[in-house]
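Have a look at the structure below before the remarks.
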Amino acid sequence: MPELPEVETVRSGLEKLIVGGEIANIRVPYPKVIMGDAPAFIQGTLASQFTAIDRRGKYLFLRLSNQRTIVSHLRMEGQYSVEPLDAPLHKHTEIVFELADGRALFYNDTRRFGRMTLAETGLEQIAVPTLAKLGPEPITTDLHLEYMIQIFAKSKKPVKSFLLDQTKIAGIGNIYADEVLWQSKIHPETPANELDPSQLAILRDSIISEIALAIKHHGTTVHSFSNVFGEVGQFQNQLEVYGRSGLPCLRCGTPLVKIRVGQRGTTFCPKCQVR
DNA sequence: CTTAAGCCCTGCGGGC
DNA sequence: TGCCCGCAGGGCTTAA
């Protein structure tokens with residue numbers, strides 16, 4: 001499931017492969033992938049070139065030479081692949097951007113949850129209002145401790161759910177939320193406003209370093225995630241709690257426990273992570 | 001304003 | 001072998 005590190009991995013792959021490519025034709029085997037008017041999307045992208053690929057939180061921005069931007073969210077299992085023009089569609093290929101150089105950019109999505117839409121570059125938040133509400137990126141220069149102290153104090157939500165709220169911090173999903181709470185020795189059901197500044201400092205450091213480390217390892221492959229080159233990530237080998245329910249805690253040996261917090265599967269160590 | 005629940009989708013694994 | 005059911009989950013929508 002693509003979280004920020006996986007989306008960043010896709011971003012850098014697309015940057016290497018398709019920037020400079022010109023969209024000669026578009027096929028849309030699954031029109032629902034396009035939010036809004038599909039014909040307008042096609043008309044607004046045809047004959048333009050990809051000029052850059054950016055990212056904000058879990059959103060991708062495919063910049064076009066006509067001052068428009070394709071805003072793409074992979075949700076659970078969306079992936080891009082670059083194929084020869086005559087390559088057969090995958091079982092779940094939803095849109096094909098045929099390039100003038102004889103290649104094609106496929107967007108494939110097993111669960112069909114992902115969506116894309118066309119926006120005016122610089123005005124993406126009009127097409128996707130959520131973008132205007134996204135919290136800071138989990139990097140040292142954007143995610144300040146003072147900010148965390150301020151926002152955590154205002155919520156009684158379980159800290160696990162709080163971390164998944166993209167309006168508070170952008171880019172964290174279920175896997176990395178469990179990982180950083182384990183690293184910080186914080187129980188996932190602890191109300192956000194019960195964490196003291198020293199705990200928030202530890203949590204902040206953990207979030208920032210974990211996300212950076214996962215990007216360095218090209219993300220986590222749990223189900224189908226792969227980058228544009230069809231390569232899987234490496235970070236799943238370094239996960240310390242996610243998917244390890246029943247296995248011994250890597251710190252204390254206590255079997256890890258899986259519970260549900262805010263409708264989400266949550267794995268933690270009942271001994272290390274105390275409320 | 002907040003938080004909670006339902007929904008979208010498909011593949012997979014468990015139970016029988 | 002095969003069918004059915006429940007689970008997985010990000011974010012949007014609707015409800016409380």
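Predicted, not measured: the structure shown is a model, and the values here were computed from it. Throughout, a chain's letter reflects where its sequence line sits, starting with A, and its residues are numbered from 1.
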Nearest-angstrom distance from the residue atom [atom1] of [X] to [atom2] of [N]:
X	N	atom1	atom2	result
Asp165(A)	dG11(C)	CG	P	10 Å
Lys157(A)	dT2(B)	NZ	P	9 Å
Lys133(A)	dG11(C)	NZ	C1'	12 Å
His92(A)	dC8(B)	NE2	P	18 Å
Gln263(A)	dC8(B)	CD	P	16 Å
Lys156(A)	dA4(B)	NZ	P	11 Å
Arg111(A)	dG10(C)	CZ	C1'	12 Å
Asn193(A)	dT3(B)	CG	P	9 Å

Does a side chain donor of either Arg63(A) or Thr51(A) reach within less than 3.5 Å of an acceptor in the other side chain?
no

So that I know where these two stand, are Tyr80(A) and Phe106(A) an aromatic pair - ring centroids less than 6.0 Å apart?
no

[X] near the nucleic acid: base, sugar-phosphate alone, or nothing, with a heavy-atom cut-off under 4.0 Å?
X	value
Tyr30(A)	sugar-phosphate
Lys258(A)	sugar-phosphate
Lys91(A)	sugar-phosphate
Gly265(A)	sugar-phosphate

Nearest-nucleotide check on DNA chain B, Arg115(A) vs Pro158(A); residue mapping nearer the 5' end is Pro158(A)

Arg264(A) or Ser155(A), whichever maps to the more 5' nucleotide of DNA chain B
Ser155(A)

Would you call [X] and [Y] a salt bridge, taking side-chain N to carboxylate O under 4.0 Å as the test?
X	Y	answer
Lys160(A)	Asp178(A)	yes
Arg11(A)	Asp54(A)	no
Glu15(A)	Arg55(A)	no

Is there any protein nitrogen or oxygen under 3.5 Å from a nitrogen or oxygen in nucleotides 12-14 of chain C, and what are the pairs?
{"unit_1": "dC12(C)", "atom_1": "OP1", "unit_2": "Tyr59(A)", "atom_2": "OH", "d": "2.8"}
{"unit_1": "dC12(C)", "atom_1": "OP1", "unit_2": "Thr130(A)", "atom_2": "OG1", "d": "2.9"}
{"unit_1": "dC12(C)", "atom_1": "OP2", "unit_2": "Thr130(A)", "atom_2": "OG1", "d": "3.0"}

Please tabulate, one pair per line, all N/O donor-acceptor pairs under 3.5 Å involving side-chain atoms of residues 180-189 of chain A, not counting sequence neighbours.
{"unit_1": "Gln183(A)", "atom_1": "OE1", "unit_2": "Ser206(A)", "atom_2": "OG", "d": "2.6"}
{"unit_1": "Gln183(A)", "atom_1": "NE2", "unit_2": "Glu210(A)", "atom_2": "OE1", "d": "2.7"}
{"unit_1": "Gln183(A)", "atom_1": "NE2", "unit_2": "Glu240(A)", "atom_2": "OE1", "d": "3.1"}
{"unit_1": "Ser184(A)", "atom_1": "OG", "unit_2": "Val180(A)", "atom_2": "O", "d": "2.8"}
{"unit_1": "His187(A)", "atom_1": "ND1", "unit_2": "Glu189(A)", "atom_2": "N", "d": "3.0"}

In terms of side-chain heavy atoms of Asn174(A), which of dA5(B), dG10(C), dG11(B) is nearest?
dG10(C)

Is any side-chain nitrogen or oxygen of His73(A) closer than 4.0 Å to OP1 or OP2 of dG10(C)?
no

Does the ring of Phe113(A) meet both stacking tests against the six-membered base ring of dG10(C): centre distance under 5.5 Å and plane angle under 30°?
yes

Residues clustered with Ile202(A), ILVMFWY side-chain links under 4.5 angstrom:
none

